[in-house]
Amino acid sequence: MRLSQMLFVTLREDPAEAEIPSHKLLLRAGYIRRIGSGIYAYLPLMWRVLKKVSQIVREEMDATGAQECLLPQLQPADLWRESGRWDTYTQAEGIMFALTDRRDTELGLGPTHEEVITTVAKDMIRSYRQLPTHLYQIQTKFRDEIRPRFGLMRGREFIMKDGYSFHTNEESLKKTYQDMAQAYSNMLRRSGLQFRAVDADSGAIGGSGSQEFMVLAEAGEDEVLYTEDGQYAANLEKAVSIPADAKTSPFTTFEKRETPGTETIEKLCKFLKCSPTQVVKNVLYEAVYDSGTTVLVLVSIRGDQDVNQVKLLNELTKLAENYQAKTILFLTVPDAEAQQKWAAKSLPLGYMAPDVADDYIVSNPPQPPLGKGGQQDSNPLLGKGGQQDSNPPLGKGGQQDSNPPLGKGGQGGVNSKFLRLVDRTAVDLTNFVTGSNESGYHVVGANWGKEFDLPSLAVDVRKAKKGDRAVHNPEQTLQTARGIEVGHIFQLGTKYSQAMGATYTNEQGEEMPLVMGCYGVGVSRLAQSAVEQSYDKDGIIWPVAIAPYHVIISIPNISDTQQVEVAEKLYAELNQSGIETLLDDRDERAGVKFKDADLIGIPYRIVPGRSLKSGKVEVVERSTHKSQEILIEEVNCTLKQWIKEAIQ
């Protein structure tokens, strides 16, 4: 392609809308253009990158025996109601674009396709002889992000590969799951990316097990915890670890002490001259189930630990049946406005004890509207989110008896009792410090089973962190890295097939639910993550395998006949031999051309300049800026060898 004939406009300044380097560079280099909030046009250079990524994905999927298809983007709401996810995706998460057509039929633009593919399987798969089978597609998906940002990283429209497999049993599913884990590793390796596969939470997709594939980059939204022995890696939401041992409490007798201005762990420990490992803090959450019931949840946890809201969400989802519900619509730390809807009296914030009375909850509070809302971040079900710093307040909740009933449950309204959970880090503490239910006062020397009853529901909801000991080997400590999630694979099991009646007939003639797997790769996200992982002050540094072109020939002076002739000759020869070559034949200064070549990140630049006198051209490697002069007749074979080595 000749640059003079391409729709090609670069920017010298960073666009105001762009926040991270990859977003800035893709806009500046003319790869994408913003059309609306979270909506981008893929311009010619970007489209070439996306096609290359898609082709790598397609080849790896086909190699496993998966079959490519194309599913509809418009999906009937009835399918999502069958699976029970319509309210979750349109109200709780609020990420689905929902509309009503002229026949008053409710539809959604697909953010994912479990319901559609399960319907296809339900209609077409009859016998175990048809299994296993694996279908995938590469197409545009939609998410109504509340805060679109970072360009293609978190857009409202994006390109994705999603695949779905169907099996007779878990053993067959696990084999395909492992095949996908290998295929995804191959995709990222072939794309020239540094990545890490990590254990992950299944989130709204569901299922028993899942794994994420993270491209390592400083601007990554996700935190990855791993051990240097290579035996463990997990997303922060899923990670488990062994916390530091609790120190022995200096308090041996129970007493109430005045502790003014100690709303945070840091202030309290400084005032009492104690360790945060000797403190039980109590954190209040407000959970809204899809039955309309609001439940106030108190989590008692060791003072040096933070609540992992994804783990907490999973624990509360297990209890949904107690509230005549299937799932949770919202999980938040209730602010002052939210508390007014259910609090019978002012809560002693920052000074809560494990036995705060249930009479803080009004008996018949008004029902708050469910709305759409919610924080649409990495886990949209989660709201404002608990304690954000390392020394959070002692809590905004309370507790009453040791083995509390789950409450009335029922449809709608606020449950009349606090749901009380204790994190395992707090279970074995003795002579601990905690709130007193009176502002400005704490108690010291407290014990479970004596001053406070131990909640019956002991759970692991703590947030693992760097420096913790590893579960598989306590001699290993967790390290941390930032990552961009570009792939996620799930073992779905029978969640969707049972809900939607998708069955097959086994060898004994019995109707059995299909066992399913789900596998996704963000094609457009992967492309931008490559830029986020590899750039410098001059611009993008594309991996050779997914670069829009392998080579750019920059003619320093188009008035120089010899330069033009050599450039044209090489341009024709390289393209003919399969080396994708871009010719910068614009009537611009040499400096402008060189800057543009660096900005757009083409792996190799050929400059037919002064070295032509000795029958050579200058070849510059973009990633290192190293240049060397190569004989014109050797350029083709030299570049062919370099490219071959780079993409192996």
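Qualifying side chain to side chain donor-acceptor pair (under 3.5 Å) partners for E438, counting only residues two or more places apart in sequence or in other chains: K256. Partners of D87 by salt bridge (charged side-chain N to carboxylate O under 4.0 Å, His left out), not counting sequence neighbours: none found. By the side-chain contact (heavy atoms from CB on, under 4.5 Å) test, V240 is found to be paired with Y232, K311, D460, V471, residues two or more places apart in sequence or in another chain being considered. Residues passing the salt bridge (charged side-chain N to carboxylate O under 4.0 Å, His left out) test with E115 are R85, sequence neighbours excluded. Judged as a side-chain contact (heavy atoms from CB on, under 4.5 Å), and not counting sequence neighbours, the contacts of E19 are R149, F150. In this structure Q340 satisfies the side chain to side chain donor-acceptor pair (under 3.5 Å) test with no other residue, sequence neighbours excluded. The side-chain contact (heavy atoms from CB on, under 4.5 Å) search around T277 returns A246, K247, S275, R302, D304, not counting sequence neighbours. When the salt bridge (charged side-chain N to carboxylate O under 4.0 Å, His left out) test is applied to R424, no partner is found at least two apart in sequence or on another chain. Applying the salt bridge (charged side-chain N to carboxylate O under 4.0 Å, His left out) criterion to K345, with sequence neighbours excluded, gives D359. Scanning for side-chain contact (heavy atoms from CB on, under 4.5 Å) contacts around S439 gives P348, Y351, with sequence neighbours left out.
Judged by distance alone, the side chains of T425 and Q305 never bring a donor and an acceptor atom under 3.5 Å apart. Between the side chains of Q476 and T227, no donor-acceptor pair of N or O atoms lies under 3.5 Å. Side-chain contact of N447 with N431: a donor-acceptor pair under 3.5 Å is present, judged by distance alone.
Salt-bridge check for K141 with D162: passed, with a basic side-chain N closer than 4.0 Å to an acidic carboxylate O. With salt bridges taken as basic N to acidic carboxylate O contacts below 4.0 Å, none links R462 and D306. In summary, K417 and D358 engage in a salt bridge, as defined by a charged side-chain N under 4.0 Å from a carboxylate O. Electrostatic pairing of R482 and E218 does not count as a salt bridge here, judged by no charged N lying under 4.0 Å from a carboxylate O. R147 has no carboxylate O lying under 4.0 Å from a charged side-chain N of E145, or vice versa, which leaves the two without a salt bridge.
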Step by step, would you call I301 with K281 a side chain to side chain contact (heavy atoms under 4.5 Å, CB included)? CA-CA 6 Å; I301 190 169; K281 65 181 178 184; 3.5 Å; yes
Between K463 and D468, is the salt bridge (Lys or Arg N to Asp or Glu O under 4.0 Å) condition met? List the steps. CA-CA 10 Å; K463 186 182 294 183; D468 285 348; over 6 Å; no
Please evaluate residues D229 and N473 with respect to the criterion side chain to side chain donor-acceptor pair (under 3.5 Å), reporting the C-alpha separation (whole Å), side-chain torsions for both, the decisive distance (0.1 Å), and the verdict. CA-CA 10 Å; D229 64 0; N473 180 2; 4.5 Å; no
With ring pair (Phe, Tyr, Trp, His ring centres under 6.0 Å) as the test, would you mind laying out the steps for W342 and Y360 before giving the verdict? CA-CA 8 Å; W342 53 260; Y360 276 94; 8.9 Å; no
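No donor-acceptor pair under 3.5 Å is formed between the side chain of E451 and the backbone N or O of A446. Side-chain atoms of N282 do not come within 3.5 Å of backbone N or O of G350 as any donor-acceptor pair. Not one N or O on the side chain of N415 forms a donor-acceptor pair closer than 3.5 Å with the backbone of T294.
Applying the salt bridge (charged side-chain N to carboxylate O under 4.0 Å, His left out) definition to pairs two or more places apart or across chains, none involves residues 320-331. Residue pairs satisfying the salt bridge (charged side-chain N to carboxylate O under 4.0 Å, His left out) criterion with at least one member in residues 426-437, sequence neighbours excluded, are absent.
Note that CD1 of I32 and CG of L152 are 4.5 Å apart. Values are rounded to the nearest 0.5 Å.
For the side-chain contact (heavy atoms from CB on, under 4.5 Å) test with Y289, the passing option among T317, V295, L329, N322 is V295; the others fail.
For the pair R196 and Y226, the cation sits on the ring face: its NZ or CZ lies under 6.0 Å from the ring centre, inside 45° of the axis.
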